[in-house]
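One structure is given here, and the rest of the page talks about it.
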There are 2 protein chains.
Amino acid sequence: MNNAPDSAAAPRWLTAEEQHVWRAYLHATTLLEDHLDRQLQRDAGMPHVYYGLLVGLAEAPRRRLRMTELAMQAKITRSRLSHAIARLEKNGWVRREDCPADKRGQFAVLTDEGVEVLRRTAPGHVAAVRQALFDRLSPEQQKALGEIMEIVAEGLQPKEAGADLPWLR
Amino acid sequence: MNNAPDSAAAPRWLTAEEQHVWRAYLHATTLLEDHLDRQLQRDAGMPHVYYGLLVGLAEAPRRRLRMTELAMQAKITRSRLSHAIARLEKNGWVRREDCPADKRGQFAVLTDEGVEVLRRTAPGHVAAVRQALFDRLSPEQQKALGEIMEIVAEGLQPKEAGADLPWLR
DNA sequence: GGCGGCTTCTTGAAATTTGAACAAGCGACG
DNA sequence: CGTCGCTTGTTCAAATTTCAAGAAGCCGCC
């Protein structure tokens, strides 16, 4: 029954200010994610994550990415990606293609229809992001937000090789 | 086929910096949410949202809240809450109680077992939040984050009465 | 009283996500 | 060559979430 680090020791609770910040964070992030999810579901017929998959493919070299790469880029499991691509395939927005170099591999390829969906819906999505976030923040706040988020992400990054194998150092 | 506001006009794309901030935001928030979800699933046997429900109840006057209130506090739909409470009830952590004043109403009540689960798992959760977020940010950054998140939340708040009925002003 | 509109909460089915298990291919190494 | 360990992607079942109804009570008002 081992919890997180030193959970048995006297816990350092959050201070009042920290608690305030944390609640604001949870509040805002869930509201924003819900907002964008509904916006995209309404205007593009897919959840935010799926939209992110299409964007990822659109930016990739030949509008294609190996499943694993795409999964990492979107920070979702391969399993989840399999299901998602199956759904997007049914929509005609993505197509699967075998990888010649590795017979296990599959490419997810953005179809022309997929490109078209993005072309049609991206402006509305950008507008939503802008209205919810950037239009409300000062340049300094935008900069601060970027820095903060980078720090947080860095601390949670899927560990690099050997990072958790200290006996290898 | 009406998208978001003025999506037909020449879209104002995100600048390079904005895009950078936005990606950092998405990256960090999904990593953090996944991290906490896994942490709580592992140590408390429930997802982050469910944990939030227990916390909400724990802080309420008699460890109880009407379903609608709890749903609003957690920012989820009543439907979702119904299912969630059913699950937590099966765990023995929450119990339903009729509302005497309104026969339609139900209270969700945190049981002693529920309290115990929180007592046992809260320290680990706080530690995780601290390690992922507060331990990495300067006091100024924490303050900035709080302000930013408040602004964002304010802009997405479920609209108050008449907010979208300008002809009423 | 009782009707109409609203609120409260639940339900059931479909969609999505999770987690474990699996088939198949890769690749190094004896 | 073989086979062991690892990677790739999928699949299944269970859990969770969404969405569209729907049952029941409340409330104001005639």
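Letters A, B, ... mirror the listed sequences (proteins, then strands); counts begin at 1.
- Of the candidates dC26(C), dC9(C), dG9(D), the closest approach to any side-chain atom of Lys103(A) belongs to dC26(C).
- Atom P of nucleotide dG19(C) and atom CG of Leu40(B) are separated by 12 Å, given to the nearest angstrom.
- With distances taken from any side-chain atom of Pro47(A) to the nucleotides dT8(D), dT16(C), dC9(C), the minimum falls on dT16(C).
- For a distance-only test at 3.5 Å, the side chain of Ser79(B) qualifies as a donor-acceptor partner of the base of dT11(C).
- Counting to the nearest Å, the P atom of dC9(C) and the CG atom of Leu65(B) are 10 Å from each other.
- As rounded to whole Å, 11 Å separates atom P of dG9(D) from atom CG of Asp98(A).
- One cannot find a donor-acceptor pair under 3.5 Å joining the base of dC9(C) and the side-chain atoms of His83(B).
- As judged by a 4.0 angstrom heavy-atom cut-off over every strand, Tyr50(B) is placed among residues touching the sugar-phosphate backbone only.
- In this entry the distance linking CG of Leu53(B) with P of dT16(D) reads 12 Å, nearest Å.
- Within the 4.5 Å cutoff, the side chain of Ile85(A) has heavy atoms near those of the Met67(A) side chain.
- Contact annotation: side chain of Arg104(A) to base of dG9(D), donor-acceptor pair absent below 3.5 Å.
- When distances are taken from the side chain of Arg80(A) to each of dG9(D), dC9(C), dT18(C), the shortest belongs to dT18(C).
- Checked for salt-bridge contact, Glu89(A) and Arg95(A) miss the test: no charged N lies under 4.0 Å from a carboxylate O.
- Taking the six-membered ring for Trp and thresholds of 30 and 60 degrees, Phe134(B) and Trp22(A) have ring planes more than 60 degrees apart, a perpendicular arrangement.
- A salt bridge does not link Glu140(A) to Lys143(A): none of the charged nitrogens lies less than 4.0 Å from a carboxylate oxygen.
- In this structure, the CZ atom of Arg78(B) is 13 Å from the C1' atom of dC19(D), given to the nearest Å.
- DNA chain D is contacted by both Arg66(A) and Asp37(A); Arg66(A) maps to the nucleotide lying nearer its 5′ end (nearest heavy atom per residue).
- As rounded to whole Å, 13 Å separates atom C1' of dA15(C) from atom CG of Leu88(A).
- His48(B) places its NE2 atom 15 Å from the P atom of dT16(D), with the value rounded to the nearest Å.
- Here the closest heavy-atom approach between residue Arg66(B) and residue Cys99(B) is recorded as NH1-SG, 3.5 Å.
- Counting only heavy atoms from C-beta on, Gln41(A) has its side chain closest to dC19(D) among dT10(C), dC9(C), dC19(D).
- When each of Asp102(A) and Ala84(A) is assigned the nucleotide of DNA chain C with its nearest heavy atom, Ala84(A) is the one assigned upstream, toward the 5' end.
- As rounded to whole Å, 16 Å separates atom P of dA14(C) from atom CZ of Arg87(A).
- Of the candidate nucleotides dC26(D), dT10(C), dT17(C), dT10(C) has the atom nearest to the side chain of Arg96(B).
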